[in-house]
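One structure is given below, encoded as structure tokens.
All values derive from a computational prediction rather than experimental measurement. In what follows, chains carry the letters A, B, and so on, assigned in the order in which the sequence lines appear, proteins first and then strands, with residues in each chain numbered from 1.
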Amino acid sequence: MKKSKTNKSETEMANRTGVLVAPDLAQELVEGVNGFSPEPQLDQSKAAEVRATYISEGLPIGSEPVTDDPDMAALLDKLGARLAFERSGVRLYDALIQKRAVLAGKANPTTADLEHIRDEELEHMHMLEECIAGLGGDPTAVTPLADVNGVMAMGILKVVADPRTTISQCLEAILTAELVDNDCWGVLLKMMQQQGLDDDAEQFEEALAEEQEHLQKVRGWIMEDSGIAQ
Amino acid sequence: MLDISKEKGIPLEEQQFDWQDMVRVPTSKLDDDAMTRVRIILMNGIEANALRTQHAFARMNNELRLALARVRRVEQHQQTMVNWLLPADLSPLETTIAFEQVAIEVTASVAQHEPNEYMAQVYRFGLLEDFDHMYRFSALMDRMDGMDSNSILQNYTDVMPGRPTSVEHRAPEDDLREHYDRQNAAPLTKLHAVTLTAGEQQTHDYYMTIGPMFADPLARQLYAEIASIEEQHVTQYESMLDPGETMLEKWLMHEVAEIYNYYSCLQYETNPRIKSIWERFVNYEIGHFHFVRNIFEKTEKRDISEIVPLSLPEPIEYTKHREFVRQVLQSEVDLRASGTQFIPKSQEKKDSPSVKYRTRLNSKGSPSDIVAAGYRYKPGTELAEIDPLAGGAEEEEVA
């Protein structure tokens with residue numbers, strides 16, 4: 001078969017998702033919808049009943065680490081979640097560093113800025129491993145909260161890994177991670193202090209300060225990227 | 001039209017890939033035409049069907065095993081290249097909406113071009129069921145994720161009730177259809193049956209794969225319910241294929257169906273990057289056709305013109321079929337199946353196998369009814385206040 005020719009105009013791409021891209025077609029759609037569909041009713045009580053049946057079964061997503069002390073189990077769950085989050089955080093920054101290196105340019109953050117944060121995330125991860133092991137826990141176990149955090153982070157990792165996303169779009173995703181991370185470190189620190197784990201708490205305070213710095217930096221880069229004077 | 005007996009295509013031994021060639025930068029969910037996505041999904045289904053059918057042959061025929069394995073290896077890489085054109089930001093539910101758009105627009109085109117009236121009736125019957133699935137999944141997308149399915153459909157396809165999914169559940173004896181006669185059927189009839197069987201089976205397999213990925217219990221139930229209908233559709237469409245065809249005859253027809261489908265995609269494609277893939281694969285499939293043709297002629301000592309069309313029929317139309325679908329909806333939504341035939345719902349007996357079957361299945365509620373209770377599609381989701389088509393807020397319009 002002979003090679004086909006390509007029309008130049010066919011190469012033009014534009015966003016096609018809204019109704020205003022083809023208002024005539026959309027009008028046809030809406031007119032048909034109004035003629036053939038039921039009267040709108042936002043009540044979803046039947047759907048809620050189905051969901052209630054499953055929620056009422058009360059089966060958990062998984063169990064907390066086994067220990068005689070419920071407070072310690074709750075702490076290990078939280079520690080496991082932070083460990084998983086920091087571990088993924090290292091990979092998240094690795095991906096952004098690779099993208100930054102390819103998309104060379106003068107805009108912030110620089111590769112060095114990102115490497116600095118990435119290295120601190122790795123230090124936090126190692127600190128958490130030590131802390132969990134020191135408390136008699138298993139740093140390789142996936143705790144329920146770690147699992148839930150993993151589900152939450154799926155979208156963040158996907159955004160950064162996609163070769164089509166920009167640094168600016170990736171920073172929005174990373175901001176989500178840093179905001180959550182900041183608050184969770186704060187909660188963790190308080191739990192450690194309440195349980196009298198002062199030595200670990202001291203290290204955690206340092207980690208929280210570093211995380212706060214990460215958040216400030218990411219916020220600043222987003223402001224800068226959005227053309228907002230600081 | 002393309003004369004496949006004269007076209008040489010690309011010989012099987014020259015059909016080669018590397019990983020970068022196979023895994024391209026995907027299409028854009030936002031910018032590519034919805035019909036490009038429709039073609040990608042259908043062709044993934046066509047290739048999946050080629051693999052499935054050829055594996056079945058290999059399990060029943062020792063002599064053909066090597067030949068089948070050679071062709072199948074290339075088909076698998078073709079499928080990868082095609083399917084990997086879908087982007088990572090297209091969620092499983094968004095992909096589902098696109099799958100149903102394939103089912104509606106491709107079946108509508110097939111139903112209008114099918115020369116056999118009985119077969120055309122079967123396609124129209126199936127069409128109204130997939131049409132309803134679109135409505136149910138759109139309601140799920142709106143009410144679970146707060147998203148608008150029309151951002152995927154791009155105004156081509158309607159979102160409104162069809163034959164209610166809750167009444168589509170039938171006993172197996174009401175899902176079988178009469179098959180075409182291999183000696184007298186028009187070539188297009190055979191190509192249509194292969195195409196629709198492929199499309200529906202990939203839809204079933206896709207829903208069975210992604211259904212458990214949903215967290216929401218109602219979404220999990222809805223996928224379970226609609227996957228069950230897709231299995232019925234595979235049963236329906238595959239029963240239209242003549243079981244009297246020899247294995248080689250079937251293989252040959254499947255290769256022609258692949259040429260026909262890639263050729264149809266090529267005629268309508270607007271994205272040049274994707275168009276070049278369709279063009280390459282038309283030539284690959286012509287190569288497969290000649291490879292199988294040689295085996296067929298040596299083994300069966302028959303002329304292939306008895307079996308397959310040498311000149312391809314009119315391509316599948318990748319466009320909107322709104323008027324046709326609405327017309328079918330108005331006139332045939334109340335049809336039900338009875339054995340291989342279709343009857344008005346008023347003639348369906350209360351103790352018929354299908355009524356008993358679906359009453360049992362729906363006895364604790366129907367997920368498709370529940371998810372779309374009182375659902376009417378609205379641009380921007382049912383929560384939106386602004387009607388962009390009216391150019392302002394609805395409230396202002398009323399005032």
Side-chain angles (χ1 to χ4, degrees), chain A residues 1-55 57 61 148 151 154-155 157-159 161-165 169, chain B residues 2 7 9 25-26 28-34 87-89 135 143 148 150-161 215-218 221 266 269-273 275-276 279 282-283 286 320 322 326 329 365 367 369-380 382-383 387-389:
Chain A
M1 207 179 61
K2 284 177 190 167
K3 285 260 173 204
S4 68
K5 285 180 187 170
T6 300
N7 184 339
K8 247 191 177 176
S9 65
E10 290 174 355
T11 62
E12 289 166 9
M13 296 287 261
N15 191 307
R16 297 174 196 252
T17 54
V19 285
L20 295 180
V21 171
D24 293 348
L25 284 183
Q27 199 61 52
E28 275 179 23
L29 163 69
V30 171
E31 281 165 15
V33 160
N34 292 339
F36 286 91
S37 303
E39 278 303 308
Q41 173 56 263
L42 296 182
D43 172 50
Q44 289 180 56
S45 50
K46 290 276 179 199
E49 278 174 32
V50 172
R51 292 176 178 127
T53 312
Y54 290 86
I55 295 167
E57 285 199 35
I61 205 160
V148 169
V151 174
M154 276 179 189
L157 288 162
K158 211 165 172 176
V159 167
D162 195 320
R164 303 168 306 156
T165 54
Q169 289 160 346
Chain B
L2 194 69
E7 295 286 344
V25 173
S28 167
K29 176 175 93 175
L30 309 182
D31 291 1
D32 266 292
D33 192 284
D89 53 333
Y135 171 68
R143 292 175 165 180
D148 177 352
N150 192 53
S151 70
I152 300 297
L153 302 172
Q154 297 176 2
N155 304 307
Y156 286 118
T157 308
D158 281 339
V159 180
M160 56 175 89
D216 176 37
L218 187 55
Q221 282 197 355
L266 182 58
E269 188 56 64
T270 51
N271 180 334
R273 211 160 54 81
K275 192 169 187 170
S276 69
E279 190 165 44
V282 168
N283 284 308
I286 293 173
K320 73 180 173 79
R322 177 166 285 144
R326 286 187 188 173
L329 184 64
D369 284 349
I370 292 168
V371 78
Y375 184 70
R376 179 183 286 194
Y377 170 76
K378 195 171 161 190
E382 63 181 359
L383 301 177
D387 177 1
L389 295 169

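Highest contact tally toward chain B, considering only A:Val50, A:Val19, A:Ile55, is held by A:Val19 [criterion: heavy-atom pairs under 4.5 Å]. Of all the listed residues (A:Gly155, A:Ala26, A:Ala22), the one sharing the greatest number of non-hydrogen pairs under 4.5 Å with chain B is A:Ala26. Here A:Asn34 is the residue among A:Val21, A:Asp43, A:Asn34 with the most heavy-atom pairs under 4.5 Å with chain B.
From A:Asn15, atom CG reaches atom CG of B:Asp32 across 11.0 Å, with rounding to the nearest 0.5 Å. Interatomic distance, CD of A:Gln41 versus CZ of B:Arg376, reported as 12.0 Å (0.5 Å rounding). Rounding to the nearest 0.5 Å gives a distance of 5.0 Å between CG of A:Leu42 and CD of B:Glu382.
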query: Would A:Tyr54 and B:Leu218 count as a side-chain contact (heavy atoms from CB on, under 4.5 Å) if you check the C-alpha gap in whole Å, the side-chain angles of each, and the deciding distance to 0.1 Å?
result: CA-CA 10 Å; A:Tyr54 290 86; B:Leu218 187 55; over 6 Å; no

message: Walk me through whether B:Val371 and A:Lys46 qualify under side-chain contact (heavy atoms from CB on, under 4.5 Å).
response: CA-CA 8 Å; B:Val371 78; A:Lys46 290 276 179 199; over 6 Å; no

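When heavy atoms are compared at a cutoff of 4.5 Å, B:Ser276 does not approach chain A at all.
If you run side-chain hydrogen bond (donor to acceptor under 3.5 Å, both in side chains) between A:Arg16 and each of B:Asp33, B:Asp31, B:Asn155, only B:Asp33 comes through.
B:Tyr375 and A:Gln44 share no side-chain donor-acceptor pair at under 3.5 Å.
Between B:Asp89 and A:Arg164 a salt bridge is recorded (basic side-chain N to carboxylate O distance below 4.0 Å).
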